[in-house]
Amino acid sequence: MPNPIKRTVFFVSDGTGLTAEALGHSLLTQFEEVEFRQIRIPFLDSIDKAQEALLRINAQGEADGMRPIVFTTLVNQDLATIVHQADAFCLSYFETFLAPLEVELGRKSSHTVGRSHGTAESSEYKTRIEAINYTLAHDDGITDRDLEEADVILVAVSRCGKTPTSLYLAMQFGLKAANFPLIPEDFDRGRLPGTLEKHRSKLFGLTIQPERLHQIREERRAGSKYAALPNCRYEIAEAEKMMRREGIRWLDSSTKSIEEISATILQELNLR
């Protein structure tokens, strides 16, 4: 197999840089044979900082022997002009998307720094904080209280990705996500844990390939019965049998990202 191509990528912003990174990552993941070294330059809000960034980008290009790739979300045009003088392949979020959108809408945008993230006093921000607190309090079956407030309840055997998916749903979408582990005692009883039956419409299941589960559990508890492949096969088979019997919608998380899992959950449960 040929050696991967290596390129340096800068994410430059007068805010946190999260929008630039989200845009860049969505594009860079399409190039599997390229190895990207990623550098974030956030809070670039002065001429001095812009000139420092320009020098840094050019220096990196000289060190690499290949011009860097730069994603920018700079609202201030003077700062953007300086950065875009770099000997680099520059992609501006605002020039690429916002300027054509202004033409289409016949209106000028506000060009406000940090607009996409809102303020700490916004109702959306408060909703997300409440959702995160709820999700943490209802992680891994800690409690079955207040489940009527949940937007979604994830069920799966241990190490299928319940917790990270729940937190992503809370942080990204402001959804209150509880999650419960399916354990051998549940399979022996032949019923869902706790009081989940009366919240059936909110349930969504995750499963995983036994070999992948074995690999994950071995990293956590090597050589244990918990991690043994035969036990992983048993738990997965019983969990899938229960979910089919109970009419719970579910998906295989083996090769899916948290973003893909979450998007499927939103669609299947018609969550907004």
Side-chain angles (χ1 to χ4, degrees), residues 1-44 53-54 56-75 79-80 83-105 109 114-117 160-161 163-173 175 204 206-209 211-212 215-216 250-268 271-272:
M1 182 177 178
N3 293 329
I5 300 171
K6 297 183 179 181
R7 298 290 294 268
T8 299
V9 180
F10 286 87
F11 302 106
V12 184
S13 174
D14 36 24
T16 62
L18 296 178
T19 300
E21 283 197 68
L23 170 66
H25 287 166
S26 66
L27 298 174
L28 299 179
T29 53
Q30 301 299 315
F31 300 92
E32 298 179 0
E33 296 182 359
V34 183
E35 183 179 310
F36 296 105
R37 176 174 181 256
Q38 302 179 29
I39 301 172
R40 186 197 298 176
I41 303 180
F43 307 117
L44 192 153
L54 171 63
R56 184 177 180 185
I57 293 167
N58 285 339
Q60 189 64 52
E62 291 180 9
D64 293 345
M66 189 172 295
R67 65 176 183 167
I69 298 168
V70 181
F71 291 92
T72 69
T73 53
L74 294 166
V75 173
L79 303 182
V83 173
H84 283 243
Q85 290 173 358
D87 183 13
F89 178 66
C90 297
L91 292 170
S92 166
Y93 179 85
F94 290 103
E95 290 180 9
T96 303
F97 298 104
L98 200 59
L101 193 56
E102 287 178 335
V103 174
E104 177 65 25
L105 296 175
S109 62
R115 187 77 176 187
S116 64
H117 302 292
C160 275
T163 295
T165 301
S166 297
L167 285 172
Y168 183 81
L169 288 169
M171 295 173 68
Q172 188 70 18
F173 302 107
L175 295 175
F204 193 90
L206 299 179
T207 187
I208 193 171
Q209 294 300 311
E211 293 75 15
R212 177 62 181 144
Q215 181 184 19
I216 295 171
W250 52 281
L251 64 77
D252 187 330
S253 66
S254 303
T255 60
K256 289 184 168 54
S257 66
I258 292 174
E259 292 86 351
E260 290 175 308
I261 295 170
S262 299
T264 301
I265 292 171
L266 293 176
Q267 183 177 22
E268 291 289 328
L271 298 172
R272 297 178 65 86

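Applying the side-chain contact (heavy atoms from CB on, under 4.5 Å) rule to Ser13 yields the partners Thr73; only residues at least two apart in sequence or on another chain are considered. Scored by the salt bridge (charged side-chain N to carboxylate O under 4.0 Å, His left out) test, Glu259 finds no partners at all (sequence neighbours excluded). Partners of Gln215 according to the side-chain hydrogen bond (donor to acceptor under 3.5 Å, both in side chains) rule, which considers only residues two or more places apart in sequence or in another chain, are Arg212. Applying the side-chain hydrogen bond (donor to acceptor under 3.5 Å, both in side chains) test to Asp252 and every residue at least two apart in sequence or in another chain returns Gln209, Ser254. Qualifying side-chain hydrogen bond (donor to acceptor under 3.5 Å, both in side chains) partners for Ser262, counting only residues two or more places apart in sequence or in other chains: none. Taking the side-chain contact (heavy atoms from CB on, under 4.5 Å) definition, one finds that Ser92 meets it with Thr72, His84, Phe94, Glu95, sequence neighbours left out. Not counting sequence neighbours, Asn58 has no partner by the side-chain hydrogen bond (donor to acceptor under 3.5 Å, both in side chains) test.
Residue pairs meeting the ring-ring contact (aromatic ring centres under 6.0 Å, His included) criterion with at least one partner in residues 18-43, sequence neighbours excluded, are Phe11-His25. Residue pairs satisfying the salt bridge (Lys or Arg N to Asp or Glu O under 4.0 Å) criterion with at least one member in residues 34-44, sequence neighbours excluded, are listed as follows: Glu21-Arg40.
Atoms CD1 and CG, from Ile208 and Leu251 in turn, are 11.0 Å apart once rounded to the nearest 0.5 Å. Distance check, rounded to the nearest 0.5 Å: OG1 of Thr264 to CG of Leu206 gives 10.0 Å. The distance from atom CD1 of Ile265 to atom CD of Glu268, rounded to the nearest 0.5 Å, is 9.5 Å. Here the CZ-CZ distance, from Phe89 to Phe71, works out to 7.5 Å after rounding to the nearest 0.5 Å. Rounding to the nearest 0.5 Å gives a distance of 12.5 Å between CD of Gln60 and CG of Asp87. In this structure, Leu169 CG and Ile261 CD1 are separated by 9.5 Å, a value rounded to the nearest 0.5 Å.
Annotation: Tyr93, atom OH; neighbour count of heavy atoms from other residues, nucleotides and ligands within 6.0 Å does not exceed 12.
Contact detail for Thr165 and Ile258: the closest heavy-atom pair is CA-CG2, 4.0 Å. Taking every heavy atom of both residues into account, Cys160 and Ser253 meet most closely at O-OG, 3.0 Å. Of all non-hydrogen atoms in Val83 and Leu54, the two that sit nearest each other are O-CD1, 4.3 Å. Nearest heavy atoms, Thr29 versus Ser26: OG1-O, 3.3 Å. Closest approach of Arg7 and Met66 over heavy atoms only: CD-SD, 2.9 Å.
Using a 4.5 Å cut-off on side-chain heavy atoms (C-beta onward), Thr8 and Ile69 make no contact. When side chains are defined from C-beta on, Ile41 counts as touching Arg56, because their heavy atoms get closer than 4.5 Å. No side-chain heavy atom of Leu91 sits under 4.5 Å from any side-chain heavy atom of Val70.
The closest donor-acceptor contact from the side chain of Ser257 to the backbone of Glu260 lies under 3.5 Å.
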